[in-house]
Structures are given as C-alpha cells and as structure tokens.
Amino acid sequence: MSIIFTKIELKNLVSKKKQEGNTVGFVPTMGALHEGHASLISLALEKHPYVVVSIFVNPTQFNNAQDLEKYPRALEKDAQFLSNFKDRVIIYAPSPQEVYGTNISSTSYNFGNLENVMEGEHRPGHFDGVGTVLNLLFRQVLPDEAFFGEKDFQQLQIVRKLVQLEKLSLKITGCPIHRQENGLAMSSRNARLTEKQLAIAPFIYKSLQIAKKHFETKSALQLKKIVTTAFANEEGLELEYFEIANIKNLSPLSRKRKNQKYRAFIAAYAGEIRLIDNIALN
Ligand code: PAF
C-alpha cells in the first residue's frame with residue numbers, strides 16, 4: 001500500500017478518483033491506529049469507494065509539550081494495519097511543513113460555549129489547534145464526507161461548528177465509540193498504559209454506566225457526587241472532570257429539560273496518561 005506524503009500528489013489522486021465518478025470519504029487521525037479507527041474507516045467505506053486516512057500528529061493541538069513528544073508514532077505499523085483495506089484506502093502522511101507551510105501556529109476561532117467547557121477548559125488552545133489543522137486538511141483532501149468518533153464528542157461538535165464558520169462544503173458524520181470487551185474506549189493513548197493501568201482504566205466506563213443508570217432519578221449534582229466519590233476510592237485513577245452536558249451546546253446540566261438530549265463526560269488520568277470517555281444518558 002502506498003503512502004502519500006505531499007498535498008500535490010494527494011490532490012492529483014483525489015481529483016482523478018472524483019473525475020472517474022467516485023466520492024471520497026475522509027478519516028483524519030494522528031496514527032497509532034487501532035480497531036476504533038478501523039471501525040470509522042469501515043463505516044466510511046460503506047458510503048464511499050475511496051477513503052483518505054490522514055496520519056498526522058498535529059503539533060498545534062497539544063497544550064503539553066511532553067504529551068506531544070510522547071504521543072505514539074508508528075507509521076509503518078499503521079500502513080500495515082491499513083493494508084487490509086487494500087487500495088480503497090489512501091494514506092496521507094504529510095510533514096508539519098506540508099500541512100502548515102512555514103507558519104506552524106493556530107488560528108484563533110470563536111467556537112462559542114463549545115470551547116469553554118470540559119476539554120476546552122482543561123486544554124487551553126487545544127480546539128484552536130484542532131480547528132486549524134482540520135481546516136487545512138479538509139482543503140487539502142477535499143472529501144465529500146469526514147468521519148469522527150464520538151469518543152471525542154466535544155471535538156465532533158467543534159468540527160461541525162468549524163465547517164459552518166469556514167463555509168466548507170462537506171458532510172460531518174459522528175460514529176459510535178468502539179470499546180474493548182471490558183468497556184475501555186479504544187484510544188491511541190491506551191498503547192501507553194501499563195498492564196496495571198489497563199486493568200483499572202475500564203472503571204471510567206463503569207462510572208459512566210452508573211451515571212446513566214441513575215440519570216432519571218438523580219440530579220446532576222447528586223450524580224457528580226456519586227462519580228467523584230467512586231473515583232476518590234479508586235487507586236491509580238485521578239478524575240479531572242465529570243460533567244453532564246446538553247449534546248447540542250455542551251452547556252453543563254443544571255435542570256433537565258424535556259426533549260433535550262444529555263451525555264455524561266469524564267476525563268481522568270492513569271498516571272501521566274489522560275483518558276476521556278462519554279456516554280449518552282437519554
Ligand atoms: O481526534 C484526533 O485524532 C485529532 O484531534 C484529529 C481530528 C485527527 C485532528 O488532529
């Protein structure tokens with residue numbers, strides 16, 4: 001399977017496929033591919049004859065230099081992983097200069113409330129970095145539709161907003177969270193967990209399930225207390241936040257409203273490794 005490193009080469013290939021009457025899907029990734037990515041790619045391939053998978057560890061979305069440095073990188077292994085999909089998957093693995101040119105920095109976006117809560121609050125500048133790279137990648141790949149996992153649910157809503165702000169003409173599709181049998185959400189960061197951490201990390205999903213179970217009968221405050229206390233008693237995991245939010249604007253829940261949909265969100269540390277997950281509550 002060939003890997004494309006330049007935007008010119010990519011543009012030529014994608015426009016050839018489109019001239020031949022094909023639509024093109026896009027799955028942006030930062031590599032260290034796993035079954036969660038494979039499920040996104042499979043969904044994309046159900047709808048499009050060709051799917052571009054970008055593998056690019058985006059420097060502008062890391063607010064922590066160590067996190068960027070330690071982010072797993074495995075291009076050869078990733079290409080091997082994607083070889084199952086044969087030539088319907090086009091790998092785009094550009095350098096930072098190829099994506100950004102000489103100015104590797106973020107545009108400052110106004111994503112409204114979406115950027116002030118949860119990941120936005122705890123990772124300053126993160127969503128400007130995500131918005132910047134996706135705006136560049138969307139313009140380089142020119143896909144008909146892009147696919148994002150709901151594990152990064154806030155990111156998914158940010159991307160929808162980005163498409164509005166930048167007046168881009170592609171469809172954004174959210175895809176269900178892919179989990180291990182024990183409930184742990186698939187993530188590239190899981191590759192950094194020790195055996196011991198891997199054994200305790202499913203507690204994150206268990207806590208989300210507890211919140212879901214009690215959602216109808218308990219208030220947001222009560223649920224927060226239940227989850228916070230459970231984490232305080234769980235050695236090896238440190239809760240950064242537990243939040244219940246309206247899925248549209250991600251405003252934290254104060255009073256449940258009829259006809260509104262809510263999700264519960266968690267960010268927690270297993271040692272140095274930051275994990276996130278979420279669940280639909282109603
Ligand atoms: O979710 C990710 O892996 C990244 O945030 C993305 C969407 C590839 C942008 O760098």
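The figures here come from the full heavy-atom set of this structure, side chains too, leaving out hydrogens, waters and symmetry mates. One-based numbering, in listed order, for ligands and for the atoms of each.
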Peer 1: Could you check if a side-chain atom of Leu134 sits within less than 4.5 angstrom of a side-chain atom of Phe148, using non-hydrogen atoms only?
Peer 2: yes
Peer 1: Is it the case that over 12 heavy atoms from other parts of the model lie below 6.0 angstrom from the CG atom of Leu221?
Peer 2: no
Peer 1: For Gln155, is at least one N or O under 3.5 Å away from an N or O on ligand 1?
Peer 2: yes
Peer 1: Enumerate the atoms of ligand 1 whose separation from the nearest heavy atom of Val133 is less than 4.0 angstrom.
Peer 2: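 Those of ligand 1 that fall under 4.0 Å from Val133 are 9 (C), 10 (O).
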Peer 1: How far is atom 3 (O) of ligand 1 from its nearest protein heavy atom, and which residue and atom is that?
Peer 2: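 In this structure, atom 3 (O) of ligand 1 has Met30 CG, 3.6 Å as its nearest protein heavy atom.
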Peer 1: Taking it one step at a time, do Asn58 and Tyr71 satisfy side-chain hydrogen bond (donor to acceptor under 3.5 Å, both in side chains)?
Peer 2: CA-CA 10 Å; Asn58 172 35; Tyr71 200 85; over 6 Å; no
Peer 1: Does Gln61 reach ligand 1 with a nitrogen or oxygen that is under 3.5 Å from one of the ligand's nitrogen or oxygen atoms?
Peer 2: yes
Peer 1: Around atom CG of Asn233, are there more than 12 heavy atoms from other residues, nucleotides or ligands closer than 6.0 Å?
Peer 2: yes
Peer 1: At less than 4.0 angstrom from any non-hydrogen atom of Pro28, what atoms of ligand 1 do you find?
Peer 2: 8 (C)
Peer 1: What part of Val159 sits under 4.0 Å from ligand 1 if we count only heavy atoms: the side chain, the backbone, both or neither?
Peer 2: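 Neither; no heavy atom under 4.0 Å.
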Peer 1: Report the relative orientation of the aromatic rings in His48 and Phe147; use parallel for angles under 30°, tilted for 30 to 60°, perpendicular for over 60°.
Peer 2: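 Answer is perpendicular, since the angle exceeds 60°.
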